[in-house]
Protein chains: 2
Amino acid sequence: MARRPRTRPTLEEVAALAGVGRGTASRVINGGAKVSDRARQAVEDAIAELGYVPNAAARALVTRRTDAVALVIAESEERVFGEPFFAGIVRGIGAALASADRQLVLILADARRRGSLEHYLTRQHVDGVLLLSLHGDDTLPDRIRGHGLPVVVGGRASAGVRTGFVDVDNVQGAGLAVAHLADRGRTRIATIAGPADMVAGSSRFEGYVEGLTAADRPFDERLVVRGDFSQDSGARAMRTLLQREPAVDGVFCANDLMAVGALQTLREAGRRVPEDVAVVGFEDAPVARSSVPPLTTVHQSPGAMGREMVALLLETMATGDMTLPGRMLPTRLVVRQSS
Amino acid sequence: MARRPRTRPTLEEVAALAGVGRGTASRVINGGAKVSDRARQAVEDAIAELGYVPNAAARALVTRRTDAVALVIAESEERVFGEPFFAGIVRGIGAALASADRQLVLILADARRRGSLEHYLTRQHVDGVLLLSLHGDDTLPDRIRGHGLPVVVGGRASAGVRTGFVDVDNVQGAGLAVAHLADRGRTRIATIAGPADMVAGSSRFEGYVEGLTAADRPFDERLVVRGDFSQDSGARAMRTLLQREPAVDGVFCANDLMAVGALQTLREAGRRVPEDVAVVGFEDAPVARSSVPPLTTVHQSPGAMGREMVALLLETMATGDMTLPGRMLPTRLVVRQSS
DNA sequence: AGTAGGCGTGGGAACGCTCCCACATTGGTG
DNA sequence: CACCAATGTGGGAGCGTTCCCACGCCTACT
């Protein structure tokens with residue numbers, strides 16, 4: 001093993017050993033323009049011999065950049081590590097940042113740790129911030145932007161926001177689902193909607209309404225029940241629907257978990273899926289594959305979302321324009337056996 | 001919102017506004033010893049007015065510390081976000097670091113991204129490194145230590161390592177399990193062991209042997225089958241055991257997943273659990289609660305492991321002693337219905 | 001009354017780097 | 001043969017902190 005130097009070698013020492021000036025050594029390490037081969041070789045040898053590693057703090061101090069980007073996930077550890085959605089998004093972000101030569105710094109910040117998080121971010125540890133899954137009314141993105149840090153939010157915080165976010169096109173996806181149900185000849189198409197105060201809830205409902213109109217189906221208020229995205233609430237909502245309108249023959253659920261709940265109720269009620277009632281979910285979560293029957297659902301790609309977030313952030317950082325418009329990602333329908 | 005300053009305020013500007021010297025302002029922000037109330041108040045007002053945030057790079061440059069610790073998880077995103085074990089460990093680490101006023105920087109590094117990871121770590125971005133779940137023969141910890149960075153590994157890389165790690169006391173835990181089976185009057189106690197080249201595999205087997213000796217039960221080679229920690233391998237191993245020794249009445253499995261596989265085989269073979277055969281697992285994974293019947297298992301606490309890792313790392317950082325002995329965490333038996 | 005000690009303070013120096021300007025040294029041109 | 005441009009180079013300045021030394025002032029001793 002190499003001897004542990006009491007103090008880490010500096011650029012000056014590298015330059016001295018290589019017999020060149022500090023400037024030349026710096027040029028070799030960075031851009032590398034306009035350096036003679038002789039000098040370059042000497043510097044590279046010296047770096048190898050001393051085991052030199054540039055000091056990030058010193059560099060950041062003068063360049064005012066760190067080449068690192070924070071991914072802040074404002075959720076409890078349990079949820080983060082529970083939902084496969086996060087794995088995909090993190091994978092997409094990681095890959096995109098790696099090919100842009102940026103380091104990913106993942107920060108988990110549940111509510112309790114908010115204060116220290118904000119401090120950390122504004123201290124110029126990172127050049128930009130990706131924010132995931134914050135709860136509706138959070139002002140965190142604006143506060144961070146207030147400190148001059150570019151921010152991109154995954155999923156819109158609320159429907160009004162028009163800048164600096166990447167989200168799945170929920171309206172389009174829900175429309176796809178309804179069009180598909182209509183296509184299958186369903187005439188009484190119900191929805192189990194999500195909470196109205198969440199963007200995913202309200203805009204998927206919006207897409208449902210638009211889809212009905214486009215397919216020339218009437219909108220019937222009795223065919224709308226709201227759940228809270230949990231499996232239980234889906235099961236309950238389905239019971240309500242069957243009671244209100246026994247002739248229901250198609251259901252669009254705002255997420256897969258509620259759809260699984262609905263399937264369960266339908267099975268208990270003796271309705272065949274998809275013969276009697278066709279069911280479509282949203283998300284294409286792993287459970288959609290393993291449910292009985294496997295679920296037709298609107299596919300959203302977390303990987304693509306991660307990559308888009310990075311692209312938007314890099315663009316914001318490059319242009320300095322904090323008001324870049326948000327981006328909507330298209331979805332597609334995955335037809336399985338439930339419809 | 002506050003006006004966005006073209007350039008962020010510096011300590012010097014704060015000091016000027018407060019009508020004090022740079023030194024005094026610095027003293028207010030840090031330790032705060034020996035500052036008059038008048039000066040302190042003036043500086044604090046100035047900080048608030050300017051929205052001053054200390055520049056981390058500048059501070060790190062002179063103090064040679066960043067007050068940040070990296071948690072490197074050397075696994076694919078899928079596994080990290082799939083295993084509940086990680087959630088617990090990250091939670092423990094997060095809490096421990098927060099109360100020590102250190103920032104947690106989570107870095108996911110699958111094999112492909114190794115190079116840039118090592119660079120990042122040695123560039124003085126963090127003061128110490130916590131390493132999780134690296135594969136057996138990895139030399140990463142030593143290479144990082146070679147750069148003068150303290151490292152603590154979660155789970156021993158291999159049985160020979162005696163420093164800088166925190167691990168569950170597998171030997172003790174396995175002993176507990178066997179003692180329990182003996183206590184239940186089982187006389188033919190078999191084991192479904194893990195791979196011999198993994199620490200968790202070999203040391204749990206070691207504990208099994210010790211447990212037999214302590215309980216005055218003979219060691220019988222025919223009662224040992226190795227699996228690979230998967231449910232399938234557990235099911236297969238159990239079939240082998242039943243075939244070799246139909247009178248087997250107790251089984252210690254090196255992890256819960258294999259235990260679940262064993263339960264499955266036993267059910268198919270018409271053996272009652274626990275009446276005919278008692279089964280004990282290791283890990284206390286969530287599946288242990290939901291299996292049929294619920295699994296008696298050796299509980300290990302990922303939260304405690306995380307906290308211990310942080311404690312050991314902080315101690316290493318404080319003393320500068322990179323050869324602190326590793327720590328073994330005790331386990332306890334959780335008795336459910338499978339024994 | 002004179003002095004020793006403490007407390008609070010200001011500001012120079014240093015941390016290790018990049019930026020940039022000025023200075024060779026070359027080769028080619030009028 | 002003088003001149004200029006291009007090329008490569010060295011090193012000063014400065015990034016925003018903390019550390020530390022030296023200085024003034026006040027209090028409380030001898």
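Chain letters run A, B, ... following the sequence lines, proteins first, then strands; residues in each count from 1. It should be emphasised that the depicted structure is a prediction, and the values quoted were computed from it without experimental measurement.
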Student: Check side chain to side chain contact (heavy atoms under 4.5 Å, CB included) between B:Ala58 and all other residues, then give those that pass, not counting sequence neighbours.
Tutor: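 Partners of B:Ala58 under the side chain to side chain contact (heavy atoms under 4.5 Å, CB included) test: A:Leu61, B:Asn55.
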Student: For B:Arg40 and C:dC7, give me the distance from atom CZ to atom P, rounded to whole Å.
Tutor: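 One finds 15 Å between P of C:dC7 and CZ of B:Arg40, rounded.
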Student: I need the CG-P distance between A:Leu61 and D:dG14, as an integer number of Å.
Tutor: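 Distance check: A:Leu61 CG to D:dG14 P gives 14 Å.
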Student: What residues, two or more places apart in sequence or in another chain, satisfy side chain to side chain contact (heavy atoms under 4.5 Å, CB included) together with A:Asp45?
Tutor: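 Partners of A:Asp45 by the side chain to side chain contact (heavy atoms under 4.5 Å, CB included) criterion, ordered by chain and then number, come out as A:Gln41.
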Student: Without decimals, in angstroms, what is the distance between A:Glu12 CD and D:dG10 P?
Tutor: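 Rounded to the whole Å, the gap is 12 Å.
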Student: Which part of the nucleic acid does B:Ala39 contact within heavy-atom distance under 4.0 Å: base, sugar-phosphate only, or nothing?
Tutor: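 Since only primed, P, OP1 and OP2 atoms lie under 4.0 Å of B:Ala39, the category is sugar-phosphate.
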Student: For B:Pro150, what residues pass the side chain to side chain contact (heavy atoms under 4.5 Å, CB included) criterion, not counting sequence neighbours?
Tutor: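 For B:Pro150 the side chain to side chain contact (heavy atoms under 4.5 Å, CB included) partners, ignoring immediate neighbours, are B:Leu313, B:Thr316, B:Met317, B:Met322.
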Student: Below 4.0 angstrom from OP1 or OP2 of D:dT18, is there any side-chain N or O of B:Ser26?
Tutor: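 Yes, such a contact exists.
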Student: Taking the minimum atom-to-atom distance to the side chain of B:Val35, which one of D:dT18, C:dC19, C:dT9 wins?
Tutor: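 Comparing D:dT18, C:dC19, C:dT9 against the side chain of B:Val35, the answer is C:dT9.
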Student: Strictly distance-based, threshold 3.5 Å: is any side-chain N or O of B:Thr163 a donor or acceptor partner for the main-chain N or O of B:Leu324?
Tutor: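 Here the side-chain-to-backbone pair does not exist.
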Student: Less than 3.5 Å apart, which donor and acceptor atoms pair up between the side chains of residues 9-16 of chain B and the rest of the protein, not counting sequence neighbours?
Tutor:
| unit_1 | atom_1 | unit_2 | atom_2 | d |
| --- | --- | --- | --- | --- |
| B:Thr10 | OG1 | B:Glu12 | N | 3.3 |
| B:Thr10 | OG1 | B:Glu13 | N | 3.3 |
| B:Glu12 | OE1 | B:Arg22 | NE | 3.2 |

Student: Without decimals, in angstroms, what is the distance between A:His125 NE2 and D:dG16 C1'?
Tutor: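 It works out to 14 Å between those atoms.
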Student: Apply side-chain hydrogen bond (donor to acceptor under 3.5 Å, both in side chains) to B:Asp67 and list each qualifying residue two or more places apart in sequence or on a separate chain.
Tutor: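 Here the qualifying residues are B:Arg65.
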Student: If you only use heavy atoms from C-beta on, which nucleotide in D:dT9, D:dT18, D:dG16 is closest to the side chain of B:Leu11?
Tutor: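 For the B:Leu11 side chain, the nearest candidate turns out to be D:dT18.
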Student: So, for B:Met309 and B:Ile93, which heavy atoms are closest and what is the spacing to 0.1 Å?
Tutor: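 Answer, listing the atom of B:Met309 first, then B:Ile93: SD-CD1, 4.5 Å.
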Student: To the nearest angstrom, how far is A:Arg123 atom CZ from D:dT17 atom C1'?
Tutor: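 Roughly 12 Å, once rounded to whole Å.
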Student: I'd like to check the side-chain hydrogen bond (donor to acceptor under 3.5 Å, both in side chains) partners of A:Arg327; sequence neighbours left out, ordered by chain and number.
Tutor: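 Here the qualifying residues are A:Glu308, A:Glu315.
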Student: So does A:Arg8 get a side-chain nitrogen or oxygen closer than 4.0 Å to the phosphate oxygens (OP1/OP2) of C:dG16?
Tutor: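 For C:dG16, neither OP1 nor OP2 has a side-chain N or O of A:Arg8 closer than 4.0 Å.
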Student: Contact between A:Leu130 and A:Val69 at the side-chain level, heavy atoms closer than 4.5 Å - yes or no?
Tutor: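 Heavy-atom side-chain distance check passes, below 4.5 Å.
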Student: With distance as the sole test, does B:Asp167 use its side chain to make a donor-acceptor pair with the main-chain N or O of B:Met328 at under 3.5 Å?
Tutor: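 Here the side-chain-to-backbone pair does not exist.
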Student: Are OP1 or OP2 of C:dT18 and a side-chain N or O of A:Asn30 less than 4.0 angstrom apart?
Tutor: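 So the side-chain polar atoms of A:Asn30 do come within 4.0 Å of the phosphate oxygens OP1 or OP2 of C:dT18, strictly under.
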Student: Cut-off 3.5 Å, no hydrogens considered: what does the side-chain donor-acceptor table look like for residues 97-106 of chain B, sequence neighbours left out?
Tutor:
| unit_1 | atom_1 | unit_2 | atom_2 | d |
| --- | --- | --- | --- | --- |
| B:Ser99 | OG | B:Ala95 | O | 3.3 |
| B:Ser99 | OG | B:Ala96 | O | 3.1 |
| B:Arg102 | NH1 | B:Ala100 | O | 3.2 |

Student: Output yes when at least one side-chain N/O atom of B:Ser36 is less than 4.0 Å from OP1 or OP2 of C:dT9, else no.
Tutor: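 Answer is yes, contact under 4.0 Å.
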Student: Tell me the interatomic distance from B:Ile29, atom CD1, to D:dT17, atom C1', rounded to whole angstroms.
Tutor: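 In whole Å, D:dT17 C1' lies 10 Å from B:Ile29 CD1.
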Student: Taking atom P of D:dT17 as reference, at what distance in whole Å does atom CZ of B:Arg59 sit?
Tutor: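 Going from B:Arg59 (CZ) to D:dT17 (P), I get 8 Å.
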Student: Listing time: all N or O pairs from protein to nucleotides 22-28 of chain D that are below 3.5 Å?
Tutor:
none

Student: Under 3.5 Å between N/O atoms: give me all the protein pairs with nucleotides 10-13 of chain C, atom names plus distance.
Tutor:
| unit_1 | atom_1 | unit_2 | atom_2 | d |
| --- | --- | --- | --- | --- |
| C:dG10 | OP2 | B:Gly21 | N | 2.6 |
| C:dG10 | OP2 | B:Thr24 | OG1 | 2.8 |
| C:dG10 | N7 | B:Arg27 | NH2 | 3.4 |
| C:dG10 | O6 | B:Arg27 | NH2 | 3.0 |
| C:dG12 | N7 | B:Arg22 | NH2 | 3.2 |
| C:dG12 | O6 | B:Arg22 | NH1 | 2.9 |
| C:dA13 | N6 | B:Arg22 | NH1 | 3.4 |

Student: At less than 4.0 Å, is any side-chain N or O atom of A:Arg64 found next to OP1 or OP2 of D:dG16? Yes or no.
Tutor: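 For D:dG16, OP1 or OP2 has a side-chain N or O of A:Arg64 closer than 4.0 Å.
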Student: State, to the nearest 10°, the angle formed by the axis through the first five base pairs of the helix from C:dA1-D:dT30 to C:dG30-D:dC1 and the axis through its last five.
Tutor: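 End-to-end axis angle for the helix from C:dA1-D:dT30 to C:dG30-D:dC1: 60°, rounded to 10°.
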Student: Just how far, in rounded Å, is C1' of C:dG8 from CG of B:Asp37?
Tutor: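 In whole Å, C:dG8 C1' lies 12 Å from B:Asp37 CG.
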Student: Taking side chain to side chain contact (heavy atoms under 4.5 Å, CB included) as the definition, give me every residue that meets it alongside B:Thr24, ordered by chain and number, with sequence neighbours left out.
Tutor: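 B:Thr24 satisfies side chain to side chain contact (heavy atoms under 4.5 Å, CB included) with B:Val20, B:Arg27, B:Val35, B:Ala39 once adjacent residues are dropped.
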